[in-house]
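Structure first, commentary second.
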Amino acid sequence: MIKSLLSVALAAGLGLSASAAFAQTTTSATLDAVKAKGYVQCGVTGGVPGFSAPDANNNWSGLEVDYCRALAAAIFNNADSVRYTPLTSQERFTALSAGEIDVLSRTTTWTMSRDTQLGIKFIGTMFYDGQGFMVRKADNIASALDLSGAAVCIESGTTTELNAADYFAANNLEFNTVVFVDQDEVVKAYEDGRCDVYTTDSSALAAERSKFANPADHIILPEIISKEPLGPVVRQGDDGWFNIARWTYYALLESEELGVSSANVDEMLASDNPAIKRLLGVEGDFGTPIGLTKDWAYQIIKLVGNYGEVYEKHVGPSTPIGLARGLNALWKDGGIQYSPPIR
């Protein structure tokens, strides 16, 4: 009996020590710095409609912008406590590593080399995508397999270059690359007829086409030649900030799955569903342990919405981008978006 009691006491003591040690590791220098300056510095694209783009008054909007706004809502109870830094593909990782931005939310593909060699961590996949090709309708090209000998416009410093080279080599097709540093330069070159094909992520093709004077004059070919999981990125070495960034993303998904939206979140505070109670901070406290308030997820949903709301608002079928949910539907609706439970 004495041995058993000693074992229990020892285990309890070790448990408390482990909890104390863990509590220390969940502090965040980045969160402290963000709170001190009063805003989240978010790295974005120079302007991809539906994902991150400014209007004439420099007000930013898009799927990836709303992720940054959700992060600000969780921290400050104010989704507008964000400043945006437009970055090219070449600049983005350097800016993150140098601390010029707190989070990178910029159509960035999650790959092994990036995840293990650049000192960065991907927090999740905001948008499952794949590389495609856009051509002029007048050229009567029906398949990417008809592109042998074509001049292809590509943005340098992206996964696009290697994907295109692999695809053309695997199918014994000749092609000529016309490479540019900035995506705007790529689009202009394509519009000016300096190349026959524009290749990048299919979502970006749809976004850029929506800005053309005559979008119907351009078609996106049916082939998808790669996996492009696009998601926000933070620096390695700050697990506390990583936790906040990751669970902000998961809160967007979990709220959609539970049917909690910006329109009904106040009503849902009275729900009897234990999962909803935990999500909204009515039951339990999942915010304080990661440096947030108890109602952190409520603030995200109230001020920004759930994942489905954000998707439909910026890139869904009713928008000029016109993208069906596809793989980005929730797992229960035939997609692969999935949040671990908040408990």
Side-chain angles (χ1 to χ4, degrees), residues 43-53 86-95 104 106-115 117-118 127-215 217-230 233 321 323:
V44 293
T45 66
V48 176
F51 288 85
S52 57
L87 297 166
T88 66
S89 296
Q90 291 73 27
E91 296 169 334
R92 55 186 164 177
F93 299 124
T94 301
L104 177 66
R106 184 205 177 281
T107 55
T108 299
T109 301
W110 189 346
T111 69
M112 180 177 179
S113 58
R114 289 174 174 176
D115 201 36
Q117 299 175 22
L118 298 182
F127 191 90
Y128 289 95
D129 208 351
Q131 185 171 329
F133 300 95
M134 182 160 63
V135 297
R136 298 170 187 84
K137 189 174 182 180
D139 290 340
N140 294 314
I141 297 172
S143 167
L145 296 174
D146 300 327
L147 295 177
S148 186
V152 183
C153 276
I154 295 178
E155 182 182 4
S156 65
T158 66
T159 57
T160 305
E161 292 181 275
L162 179 60
N163 293 338
D166 287 349
Y167 179 80
F168 281 94
N171 289 282
N172 297 313
L173 303 174
E174 298 291 331
F175 78 111
N176 302 300
T177 57
V178 186
V179 180
F180 300 89
V181 172
D182 184 77
Q183 183 165 272
D184 289 342
E185 295 177 339
V186 179
V187 176
K188 188 177 188 307
Y190 172 76
E191 287 189 281
D192 291 346
R194 294 173 61 186
C195 51
D196 309 304
V197 185
Y198 171 27
T199 183
T200 189
D201 297 342
S202 294
S203 62
L205 294 177
E208 296 296 347
R209 182 175 62 176
S210 73
K211 298 191 294 185
F212 291 168
N214 297 295
D217 291 345
H218 305 266
I219 61 172
I220 298 174
L221 299 177
E223 288 85 0
I224 299 296
I225 67 168
S226 70
K227 295 183 293 184
E228 305 296 330
L230 309 179
V233 190
I321 314 302
L323 299 175

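Just so you know, these numbers use all the heavy atoms, side chains as well, and skip hydrogens, waters and symmetry mates.
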Below 4.5 Å, heavy atoms only, C-beta onward: do Glu155 and Val181 meet side chain to side chain? no
Show me the donor-acceptor pairs within less than 3.5 Å that the side chains of residues 128-136 make with the rest of the protein, sequence neighbours left out.
residue	atom	partner	partner atom	Å
Asp129	OD1	Ser203	N	3.4
Asp129	OD2	Ser203	N	3.3
Asp129	OD2	Ser203	OG	2.4
Gln131	OE1	Asn163	ND2	2.9
Gln131	NE2	Thr160	O	3.4
Gln131	NE2	Thr199	OG1	2.8
Arg136	NH1	Cys195	O	3.1
Arg136	NH2	Tyr190	O	2.3
Arg136	NH2	Cys195	O	3.1

Is any side-chain heavy atom of Val186 closer than 4.5 Å to a side-chain heavy atom of Ile154? no
Do Thr158 and Thr200 touch side chain to side chain, with heavy atoms closer than 4.5 Å? no
In this structure, CG of Leu118 is separated from OG of Ser113 (nearest 0.5 Å) by 6.5 Å
Under the side-chain contact (heavy atoms from CB on, under 4.5 Å) rule, what do Val233 and Asp115 come out as? Steps first, then yes or no, please. CA-CA 9 Å; Val233 190; Asp115 201 36; over 6 Å; no
Any non-hydrogen side-chain atom of Ser210 less than 4.5 Å from a side-chain atom of Pro49? yes
Can you name the residues that form a salt bridge (charged side-chain N to carboxylate O under 4.0 Å, His left out) with Glu228, not counting sequence neighbours? none
For residues 191-213, which residue pairs qualify under ring pair (Phe, Tyr, Trp, His ring centres under 6.0 Å), counting only residues two or more places apart or in two chains? Phe212-His218
Shortest non-hydrogen contact from Arg209 toward Ile219: NH1-CA, 3.9 Å
Just verifying a value: how many Å separate Asp166 CG and Glu161 CD, rounded to the nearest 0.5 Å? 11.5 Å
Taking all non-hydrogen atoms of both residues, which atom of Ile224 and which atom of Ser202 are closest, and how far apart? CD1-OG, 3.0 Å
Please tell me whether Thr107 and Thr45 have a donor and an acceptor in their side chains that are separated by less than 3.5 angstrom. no
Nearest heavy-atom contact between Asp146 and Ile141 is CB-CG2, 4.0 Å
What one should report as the nearest heavy-atom pair of Gln183 and Val48 is NE2-CG2, 3.0 Å
So, taking the atom named SG in Cys153 and the one named CG in Asp192, what distance separates them when rounded to the nearest 0.5 Å? 9.5 Å
Shortest non-hydrogen contact between Gly46 and Pro86, atoms and distance: CA-CB, 4.0 Å
Residue pair Leu230 / Thr109, side-chain heavy-atom distance below 4.5 Å: yes
Using a strict 4.0 Å threshold on nitrogen-to-oxygen distance, state whether Glu185 and Lys188 make a salt bridge. no
Considering residues, nucleotides and ligands other than Lys211, do more than 12 of their heavy atoms fall under 6.0 Å from its NZ? yes
Is there side-chain contact between Val152 and Val178, with heavy atoms separated by less than 4.5 Å? no
Ignoring hydrogens and geometry, is there a side-chain-to-backbone donor-acceptor pair from Gln117 to Arg114 under 3.5 Å? no
Could you go step by step and tell me if Thr88 and Glu91 meet the side-chain contact (heavy atoms from CB on, under 4.5 Å) rule? CA-CA 5 Å; Thr88 66; Glu91 296 169 334; 3.1 Å; yes
Looking at every non-hydrogen atom in both residues, tell me the closest pair between Ala144 and Leu173 and how far apart they are. O-CD1, 3.9 Å
For a side-chain hydrogen bond (donor to acceptor under 3.5 Å, both in side chains) check, start with the C-alpha distance between Ser156 and Gln90, then their side-chain angles and the critical distance, and finish with the verdict. CA-CA 8 Å; Ser156 65; Gln90 291 73 27; 2.8 Å; yes
Between Arg92 and Thr108, does the side-chain hydrogen bond (donor to acceptor under 3.5 Å, both in side chains) criterion hold? Intermediate values first, please. CA-CA 9 Å; Arg92 55 186 164 177; Thr108 299; 3.2 Å; yes
Could you tell me if the side chain of Phe51 sits less than 4.5 Å from the side chain of Val44, heavy atoms only? no
Thr111 vs Thr159 side-chain heavy atoms within contact, under 4.5 Å: yes
